[in-house]
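Below is one structure, written out as structure tokens; comments come after it.
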2 protein chains.
Amino acid sequence: MTFHSMWVELLRIGRSSTSGGYRRFAWTGADAECRAWFEDQARARGLTYELDRNGNQWAWLGDPAQGDAVVTGSHLDSVPDGGAFDGPLGVVSSFAAFDELRARRVEFTRPLALVNFGDEEGARFGLACVGSRLAAGELTAEQAHRLTDGDGITLPQAMERAGYDPDAIGPDPERLSRIGAFVELHVEQGRALDLTGDQVGIASAIWPHGRWRFDFRGEANHAGTTRLVDRRDPMLSYAETVLAARREARLAGAVATFGKIAVEPNGVNAIPSLVRGWLDSRAPDQTSLDTVVTGIEKAAREYAQAHGVELDVVRESFTPLIEFEHALRDELARILGKETGLTVPVLGTGAGHDAGILSATVPTAMLFVRNPTGISHSPAEYAAEDDCVAGVTALADVLEGLVRR
Amino acid sequence: MTFHSMWVELLRIGRSSTSGGYRRFAWTGADAECRAWFEDQARARGLTYELDRNGNQWAWLGDPAQGDAVVTGSHLDSVPDGGAFDGPLGVVSSFAAFDELRARRVEFTRPLALVNFGDEEGARFGLACVGSRLAAGELTAEQAHRLTDGDGITLPQAMERAGYDPDAIGPDPERLSRIGAFVELHVEQGRALDLTGDQVGIASAIWPHGRWRFDFRGEANHAGTTRLVDRRDPMLSYAETVLAARREARLAGAVATFGKIAVEPNGVNAIPSLVRGWLDSRAPDQTSLDTVVTGIEKAAREYAQAHGVELDVVRESFTPLIEFEHALRDELARILGKETGLTVPVLGTGAGHDAGILSATVPTAMLFVRNPTGISHSPAEYAAEDDCVAGVTALADVLEGLVRR
């Protein structure tokens, strides 16, 4: 099966006819279809199919017990109305690269596995990378059992309904200890490769990132009769803080976004009593991120005070800088440079990945494929088929270099 | 029954134990309790109780058919988590003023009626002053039948469940033609009387006011990976517009508020594709209001263009300036001035009222009672009992002056 025909097969699963985007959420029907597709691909190639205790799918060539395995893969689930590439490009490219290695008659001295990690996007239960987090022991079974979706269905209930055993979930150190190198191919979620004119790049690091909740509390009042000077309107300090976030991020070469808001009472003729805004911020290094977030919070406190508004800032989540292993990263650069004679760009990313979770215990690297618009997490997410095929070749080269080592 | 004991009786109806605010929405159980209270008060005084086709309650002294009646009253329903005064103060004061007239042994040469208008706040079905609008023919039965609450229950369904006939609603010109003067007493929803040190004031006009929906459409994208320069983030132009609204309102001596917002997809790690903000703006005169809204829209278009964002502005509702009849207003000022020897302040208001609806067909006036904080539409809404009693006396003086005329 060619890259193209696998791609077309997957495209029909979980696509919304209204938005054109994908809705492949963990443990839903669309998720089950994606999983069936993965299992079929594995079996069709004579690979040993394995479902681990946390719902991650594996396709093995060679004996896992031998250890020092080379593993590649990504995920098949999506954000709400996500694009076709974020996740599936890595899984389809894994199968296509494996086919390429077979066509090249590569001799495998190390076991090879292809993997589909479950629930990477966290679209349903609010936590990203659940499959890899559980395996790595970063999320306990007790914590996972408390996850609940928007309809009040718990993760264990959802797993049971999908025919899986929620009591089985938990850390999987033995399985991870068999992996000598994990390489995840992913569509770039930005325009760095487009700007340098490269088809493929190597990840240097995942930027430190976090979420902060800003609660601006003012005083509900009648929008028609309350004089401006008598108001304690939290919408004003929220608006000023949104603009401050943009300013601070620009100065530090970082990103900062207010994309989610909740307002009370949220009435057309009512000055709000509460404006709750969530800040997402990420930067190339910890110092820059601290500078940005401290700057935004300081500005927000000044604005709040000026309007007689109270402000609480709560850090809801935080992930420090993840640097991918230098030795593996350099090996990828050497392998890819040997084929092309060119220097492959090495770039950081602001997005989290299963590769980031695994990097704490396993030598891990990532390949990025050019995204001409930079758009991601949107139905408009796109990569040219030429670039996808170049990604498959690069992944095959990397795997060949690693399995022969 | 004294003002105080009536007030205390009403206080217990429809009060939320969590917020301390009132939730007396049209055709709910709390609304039915308020209506039963009104009917009891009417019958206890030997007044003729009447329920009109639109669910408004009347209590008559004398023969309505005589015409040229003097009518006073307000409403008993509330906004979500509203205060105790907005509406009920006018109804309770009507009964208390009637008791005062009886105590004064006033001879009535004109019929007198006390009224409770239904669904003034529009909290449930989204349209204010439904009872008076239907009576005045400003809202047709067909339009009213299409009103739906947040749970998908239509107005006719809600009326039927409450034991009323939804097919009966419609214009009531005969009833309105019997009214020679309507006086509504209301707690002030601002601090004008507090600033001048007066207990009671007379309304000059209801400011022209309207609602405008601003749809800022940008491009959904990944908050972690999209470079600032590649973004089309509608939250930024929304924030700038919120601040522009405050600026324009201040310059024009008007008010402008963004109190309601809807964001898509409203995800912490997603740049929004859509930020929809509702502007409520009011000004003392049409020219000022036009200046404010034109200024805000012009600024918003510039901000939107600078961020590559599309903007649609839709006027969702508009009410022109309502000036209360000068002759009746001057008569009230004369009556109240005669008692106190002082000039009673005459003030405009930014809030809509049943009195505003009726003023198109009936000579109408309003009395305001001092609000020391200006807070309204909030559990913290308050008026001192001294001032409420002064309001009752003023209303009694006005009614006495009018019924003897």
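This structure is a prediction, so every number in the text was calculated from the model and none was measured. Convention: sequence-line order gives letters A, B, ...; per-chain numbering from 1.
- Neither the backbone nor the side chain of A192(A) comes within contact range of chain B, judged by heavy atoms closer than 4.5 Å.
- At a 4.5 Å heavy-atom cutoff, the contact between L195(A) and chain B is made by side-chain atoms alone.
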Evaluate Q189(A) against S376(A) for side-chain hydrogen bond (donor to acceptor under 3.5 Å, both in side chains), listing each step before the verdict.
CA-CA 6 Å; Q189(A) 296 171 291; S376(A) 183; 2.9 Å; yes
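- Heavy atoms of A380(A) lying under 4.5 Å from chain B are absent altogether.
- In this structure, chain B has no heavy atom under 4.5 Å from any part of E316(A).
- Residue A26(B) comes nearest to D119(B) through the heavy atom pair CB-CG, 3.4 Å, listed as atom of the first residue, atom of the second, then distance.
- A side-chain donor-acceptor contact under 3.5 Å links E184(B) to the backbone of A355(B).
- Listed for the T226(A) side chain is no donor-acceptor partner under 3.5 Å among the backbone atoms of A223(A).
- Here F258(A) and F214(A) bring their ring centres to under 6.0 angstrom of each other.
- Of the listed residues G277(A), G267(A), S273(A), S378(A), the one with more heavy-atom pairs under 4.5 angstrom with chain B than any other is G267(A).
- Taking both residues in full, the closest heavy atoms of D77(B) and G122(B) are given as OD2-N, 4.2 Å, listed atom of the first, atom of the second, then distance.
- Considering only heavy-atom pairs separated by less than 4.5 Å from chain A, the leading option among V242(B), V255(B), I375(B) is I375(B).
- By number of non-hydrogen pairs under 4.5 angstrom with chain A, the leading residue of I261(B), V275(B), I271(B), T373(B) is I261(B).
- Interface summary for chain A: among T349(B), N269(B), V263(B), the most heavy-atom pairs under 4.5 angstrom belong to N269(B).
- A tilted orientation is assigned to the rings of H377(A) and H222(B), their planes being inclined by 30° to 60°.
- Residue N221(B) touches chain A through both its backbone and its side chain, counting heavy-atom pairs closer than 4.5 Å.
- Note: T225(B) leads L236(B), T257(B), T225(B), D233(B) in heavy-atom pairs under 4.5 Å with chain A.
- Of all heavy-atom pairs between R191(A) and N371(A), the closest is CG-O, 4.1 Å.
- Between chain A and the residues G350(B), G253(B), G259(B), the largest count of heavy-atom pairs under 4.5 Å involves G259(B).
- Contact annotation for E219(B): only side-chain heavy atoms (C-beta onward) come within less than 4.5 Å of a heavy atom of chain A.
- Between F85(A) and Y382(A), the ring-plane angle classifies as perpendicular under the 30° and 60° cut-offs.
- The part of R231(A) that comes within reach of chain B is its side chain, from C-beta onward, which places non-hydrogen atoms under 4.5 angstrom from that chain.
- In this structure, D215(B) pairs ionically with R276(B), as a charged nitrogen and a carboxylate oxygen lie closer than 4.0 Å.
- When heavy atoms are compared at a cutoff of 4.5 Å, A270(A) approaches chain B solely by way of its backbone atoms N, CA, C and O.
- Listed options V79(B), D86(B), L243(B) were ranked by heavy-atom pairs under 4.5 angstrom with chain A; first place goes to L243(B).
- Within the 4.5 angstrom heavy-atom criterion, atoms from both the backbone and the side chain of R246(A) approach chain B.
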